[in-house]
Trainee: 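First, the structure itself, so that you have it in front of you.
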Amino acid sequence: MTAALRTEAQRAAAHRPTARTKRPSLRVVVRPAPHREPPFDDELEEPTATRYDRWLPFELASAPVPRPAPPLRPHGLPDPEKWARRLLVGLIESADGRRPLHQLAALLSFSVHRGLVADFERVGAARTTHWLRSAGVGTVRGCEPASGVAELCATLRVGPRVRAIALRLEEHHGRWVCTRLQLG
């Protein structure tokens, strides 16, 4: 072991500079960097106009460009935002046990109804309460991208939290039916 240490020490000594070896002098010079950032608007004495600060050579429109009219809702359908708010209240009552879910079956597509039944059964089998049970409907916003179709989002207050819900309503036989529902 001492032989191994001795050889390591000998190798280190061989690489050490001796008094005869002159090191080049490294002198560090610090020079200030030039100012590269333009001044802020409030630092300018007078605003300077550049060649890009001119009016564009287009004629100014005298009247606003008309927007296309939104698609018309089929006659007899209620406002989708109010309808969705009432549906959400019914879902909250169903989650709380105050209303049977099959009462809402006519307002839901088969897949949405089946998904809600499975969700409520899963929570019941776990002997817990569904988070929807203590929710309160906040805002409901929507748009109608096509005739007979409405897409909505809503916020539900659950204690100190706010949760989101997304719905898609479609017109079937003269009434709204919820065809997609995502509980957030």
Trainee: Please list all pairs passing the side chain to side chain donor-acceptor pair (under 3.5 Å) test where one or both residues lie in residues 155-165, with sequence neighbours left out.
Mentor: Thr139-Thr155

Trainee: Can you name the residues that form a side chain to side chain donor-acceptor pair (under 3.5 Å) with Thr129, not counting sequence neighbours?
Mentor: none

Trainee: Going by the rule ring pair (Phe, Tyr, Trp, His ring centres under 6.0 Å), which residues pair with His130 if we only count those two or more places apart in sequence or in a different chain?
Mentor: Phe120

Trainee: Using distance only, find each side-chain donor-acceptor pair of residues 172-182 under 3.5 Å and give its atom names and separation, not counting sequence neighbours.
Mentor:
unit_1 : atom_1 : unit_2 : atom_2 : d
Trp176 : NE1    : Pro78  : O      : 2.9
Thr179 : OG1    : Arg168 : O      : 3.3

Trainee: Kindly list each side-chain donor-acceptor pair under 3.5 angstrom involving residues 80-88, sequence neighbours excluded, with atom names and distances?
Mentor:
unit_1 : atom_1 : unit_2 : atom_2 : d
Glu81  : OE2    : Gly142 : N      : 3.2
Arg85  : NH1    : Gly138 : O      : 3.2
Arg85  : NH2    : Gly138 : O      : 3.0

Trainee: With sequence neighbours excluded, give me every salt bridge (Lys or Arg N to Asp or Glu O under 4.0 Å) pair touching residues 109-125.
Mentor: Asp119-Arg122

Trainee: Could you tell me which residues satisfy side chain to side chain contact (heavy atoms under 4.5 Å, CB included) with Arg31, sequence neighbours excluded, listed by chain and number?
Mentor: Val29

Trainee: Quick one: CD on Glu170 to OG on Ser109, what's the gap to the nearest 0.5 Å?
Mentor: 8.5 Å

Trainee: Does Val149 belong to the same Ile/Leu/Val/Met/Phe/Trp/Tyr cluster as Val140, with side-chain heavy atoms less than 4.5 Å apart forming each link?
Mentor: no

Trainee: Treat each ILVMFWY residue as a node, draw an edge where side-chain heavy atoms are under 4.5 Å apart, and state whether Val123 and Leu91 are in one component.
Mentor: no

Trainee: What residues, two or more places apart in sequence or in another chain, satisfy side chain to side chain donor-acceptor pair (under 3.5 Å) together with Glu93?
Mentor: Arg99

Trainee: Are side-chain heavy atoms of Leu156 and Val137 found at a separation under 4.5 Å?
Mentor: yes

Trainee: Test of understanding: with side chain to side chain contact (heavy atoms under 4.5 Å, CB included), list the residues that count as partners of Pro100, not counting sequence neighbours.
Mentor: His102, Gln103

Trainee: Under a single-linkage definition using a 4.5 Å side-chain heavy-atom cutoff for Ile, Leu, Val, Met, Phe, Trp and Tyr, are Leu152 and Val89 assigned to the same hydrophobic cluster?
Mentor: yes

Trainee: Holding to side chain to side chain contact (heavy atoms under 4.5 Å, CB included), I want the full list of residues that pass it with Ser134, two or more places apart in sequence or in another chain.
Mentor: Val158

Trainee: Distance from Leu104 atom CG to Ser94 atom OG, nearest 0.5 Å?
Mentor: 4.5 Å

